[in-house]
Amino acid sequence: MTSQPPRPPDALRRIVVVGAGLAATQTVGALRERGFDGHLTVVGAEHLPPYDRPPLSKHLLDRPAPTFLADELGIDVRSLADDLRLGQPARALRLEEDGVEILTTDGAPVRADAVVVATGARARRVPGWEHALVLHTADDAAVLRDRLVPGTRLVIIGAGWIGAEVAGVAAVAGVHVTVLEAADAPLTGALGADVGRLTGPWFETAGVRLVTDARVVRVDPDAVHLADGERVAADVVLAAVGAVPATGWLAGTLPLDPDGSVRVDEGYAVLGADGSTADTAPQWRVRAVGDVARRRSRRHGWVSGGHWDGALRGPLDLAAALVGDGDGPPAAEDPVPYVFSTQLGHELTLFGTPAADDDVLLRGDPASGDGWSALWFRPGSDTLTAVFTTDRPRDVGGARRLFAGAELPRLDRSLAADADVALRAAHRT
């Protein structure tokens, strides 16, 4: 593990935060809360002030206006930043001995002592699917919302978090929805096929047609074509096949993983390809947080960005490490990866990172119509790696407490399998 290099307490007088989403907003608030009183610049690609993204899918049709973070979090970057540049996508980062420089598509370069990269992600686009819409920004949501009137035939490619959320709200509004999933079950990427398959019946119950093992080969303005020759008629097509880190502007300057993410340490300092401090700049000068970052975690291994909770909490550790008191940063937390979703009439949460070879244990009966949970354990052990809950608020609170410790929790499997026993009662201390 690389240690924080020494630096004078007053080394940072100008910081630039690139991005204007949740992670960037929290970073701005945390820097000011930690006492940074230097010049703070925020550069954002969108013209809108920072807003929350989960409502774009969860409340696509009942919340037409963006949910601004100044109202949600009480952090207004317009008042906290000395220089706010919205509608200016970053196009390059230059690293120099005495600072950094950000080039944007419009406006003068921004020079600073340190940079926080929080440019988030962009919707994944697939060649040959140019006629499909995507959903990642407020503008995307506005376009999709205008197209979804009762009776419309909506085809969604992808049965992941976003695809299922949109399918549910659209079906309730009288839209005829078909979901095409390349895997043999929904949410396979997050939960694995065995647990993901348990969510399949929800689609039919919600009035949504689900087609699995559906390989899309082409998207036309009025249809989606599958590899088996089926033509699925559509008035609107939404591609919901994930997002990729918005880091193309960093290519050649910072080390990037194949998916475009930036590897960072526990204090969100950028790492080199070998896991050491990047050669391109002192460790404390360049940080990355939110969707762009792949964080090193002692408990969970490499944790990918894209978790709302990570964008909310990560900036607190980043600010503490970046503008500490000069005696070294405080110990960073190791937050558990956390995802929440409201889809097809169900409330879901996922804590932790299931591995493909983990043992899976169910709490409750998914066929009963009541809430249930899935627990993942390291093979042959009592070490808990992840918890997925469906309509079980008690397990949400229990899982959150279990993963609050310094180590991965250990559970008595026989007790944990009993849905009437609280998760904390199965905890082995």
Side-chain angles (χ1 to χ4, degrees), residues 54 58 159-162 164-165 168 185-203 205-206 297 299-301 303-304 306-310 312-313 333-429:
K58 294 178 174 67
W161 303 110
I162 301 300
E165 288 172 1
L187 292 173
T188 298
L191 307 178
D194 290 341
V195 177
R197 194 172 293 113
L198 300 176
T199 72
W202 299 348
F203 289 79
T205 301
S297 165
R299 296 190 302 171
H300 305 285
V303 177
S304 297
H307 301 294
W308 185 91
D309 196 59
L312 184 73
R313 299 171 60 188
E333 292 187 15
D334 188 8
V336 60
Y338 167 62
V339 180
F340 64 92
S341 180
T342 300
Q343 57 180 247
L344 305 164
H346 299 276
E347 299 289 334
L348 317 179
T349 66
L350 174 63
F351 294 88
T353 51
D357 60 347
D358 280 349
D359 298 333
V360 182
L361 180 151
L362 293 181
R363 282 169 57 84
D365 180 7
S368 68
D370 297 326
W372 55 276
S373 297
L375 281 61
W376 284 264
F377 293 85
R378 284 180 177 164
S381 80
D382 59 3
T383 300
L384 184 70
T385 60
V387 175
F388 173 69
T389 75
T390 301
D391 304 323
R392 281 187 65 88
R394 287 180 60 200
D395 282 0
V396 174
R400 193 183 302 277
R401 286 188 291 272
L402 287 173
F403 284 111
E407 305 290 338
L408 287 176
R410 297 169 56 238
L411 268 60
D412 182 308
R413 290 202 192 193
S414 60
L415 289 176
D418 189 339
D420 294 326
V421 174
L423 280 176
R424 66 177 179 274
H427 189 201
R428 287 178 168 168
T429 57

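Each residue takes its place number in the sequence, starting with 1. Computed over heavy atoms, backbone and side chain alike; hydrogens, waters and symmetry mates excluded.
A distance of 9.0 Å separates CG of Leu384 from NE2 of His427, quoted to the nearest 0.5 Å. Rounding to the nearest 0.5 angstrom, the gap separating the CD atom in Glu407 from the CG atom in Asp334 is 9.5 Å. With rounding to the nearest 0.5 Å, the separation of CZ in Phe203 from OG1 in Thr199 is 5.5 Å. Leu350 contributes atom CG, which lies 10.0 Å from atom OH of Tyr338 (distance to the nearest 0.5 angstrom). One distance of note links OG1 of Thr349 with CG of Asp395; it measures 8.5 Å at 0.5 Å rounding. Rounded to the nearest 0.5 angstrom, Asp391 CG and Ser373 OG are separated by 9.5 Å.
The shortest non-hydrogen separation linking Ala399 to Leu423 is N-CD1, 4.0 Å. Taking each heavy atom of Asp365 and Ser368 in turn, the nearest pair found is O-OG, 2.7 Å. Contact between Ala419 and Arg392 at its shortest, heavy atoms only, is O-NH2, 2.9 Å. Between Thr390 and Leu348, the shortest heavy-atom distance links the atoms OG1-CD2, 3.7 Å.
Within the structure, salt bridge (Lys or Arg N to Asp or Glu O under 4.0 Å) pairs that include any residue of residues 367-385 comprise Asp382-Arg410, Asp382-Arg428 (at least two apart or interchain). Each salt bridge (Lys or Arg N to Asp or Glu O under 4.0 Å) pair with one or both residues in residues 413-423, not counting sequence neighbours, appears once here: Asp359-Arg413.
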(request) Evaluate the criterion side chain to side chain contact (heavy atoms under 4.5 Å, CB included) for residue pair Val396 and Phe351; output intermediate values, then yes/no. (result) CA-CA 9 Å; Val396 174; Phe351 294 88; 4.1 Å; yes

(request) Apply side chain to side chain contact (heavy atoms under 4.5 Å, CB included) to the pair Thr353 and Val336, showing each step before the final yes or no. (result) CA-CA 8 Å; Thr353 51; Val336 60; over 6 Å; no

(message) Go through it in stages, so that I can follow the logic: the residues are Trp376 and Val195, the test is side chain to side chain contact (heavy atoms under 4.5 Å, CB included), and I'd like the CA-CA distance, side-chain angles, deciding distance and then a yes or no.
(response) CA-CA 10 Å; Trp376 284 264; Val195 177; 3.7 Å; yes

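Geometrically, Arg299 does not engage Phe403 in a cation-pi contact, judged by NZ or CZ lying under 6.0 Å from the ring centre and within 45° of the ring axis.
At least one donor-acceptor pair closer than 3.5 Å links the side chain of Thr205 to the backbone N or O of Pro201. Between the side chain of Arg363 and the main chain of Ala416, a donor-acceptor pair closer than 3.5 Å is present.
For the side chain to side chain donor-acceptor pair (under 3.5 Å) criterion with Ser341, the lone passing option out of Glu165, Glu347, His346 is Glu165. In summary, of the residues considered (Val387, Leu375, Thr383), a side-chain contact (heavy atoms from CB on, under 4.5 Å) with Leu411 occurs for Leu375 alone.
Aromatic pair Phe388/Trp372: ring centres closer than 6.0 Å.
Residues Phe340 and Lys58 meet the side-chain proximity criterion, which asks for heavy atoms closer than 4.5 Å.
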